[in-house]
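To start, the structure itself, in structure tokens.
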Amino acid sequence: MTDPITCPECGGHQGTKLGDRFLACQFCGGLGWVGGTNEPAERGHDKEPPPPPPAWEHKVWADQWISAQLGCRYCFGSKQIAHVDEECGQLVTVPCVCVLH
Ligand SMILES: [Zn+2]
Ligand SMILES: [Zn+2]
């Protein structure tokens, strides 16, 4: 038993905001503090650590978050944009600027 302290992992915020989801801190179990009756998962003896989320579920979160944060506003993820070539006056498809970055 130790005195409760603010969780060093989440800084007392109880987790991390991930897009429109909220991931509860795995270290403190989403309480924002550790110690006392809430031992960190790594040192807990009388409390099973929470199981990690399924890999596919974690991947879906990451994809949604990435597309929400980094979605290209020019090509909307298609990686190509229509462009009128000034010289020949034809509509051509060119790689989007996001491909180059
Ligand atoms: Zn925490
Ligand atoms: Zn793009």
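Position 1 is the first residue of the sequence; numbering continues from there. Read the numbers this way: they start at 1 and go in the same order the structure lists the ligands and their atoms.
Cys75 has its side chain out of reach of Gln80: every pair of non-hydrogen atoms, C-beta onward, lies at least 4.5 Å apart. Put simply, the side chain of Ile5 reaches to within 4.5 Å of the side chain of Val34, judged on heavy atoms. You'll find the side chain of Thr16 stays beyond 4.5 Å of the side chain of Phe22, heavy atoms only. Inter-residue side-chain proximity for Val97 and Val99 is flagged as unmet; no heavy-atom pair is nearer than 4.5 Å.
If you take SG on Cys10 and CG on Leu23, they are separated by 12.0 Å, rounding to the nearest 0.5 Å. Interatomic distance, CD of Glu9 versus SG of Cys28, reported as 8.5 Å (0.5 Å rounding).
If you count the protein N, O or S atoms nearer to the Zn ion (ligand 1) than 2.8 Å, you get 4.
Protein N/O/S atoms closer than 2.8 Å to the Zn ion (ligand 2), listed by chain and residue number, are Cys72 SG, Cys75 SG, Cys96 SG, Cys98 SG.
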Give every donor-acceptor pair under 3.5 Å between a side-chain atom in residues 82-90 and any protein atom, sequence neighbours left out.
from, atom 1, to, atom 2, distance (Å)
Asp85, OD1, Glu87, N, 2.9
Asp85, OD1, Cys88, N, 3.4

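Looking at residues two or more places apart in sequence or on another chain, you find a side chain to side chain contact (heavy atoms under 4.5 Å, CB included) between Pro4 and Trp33.
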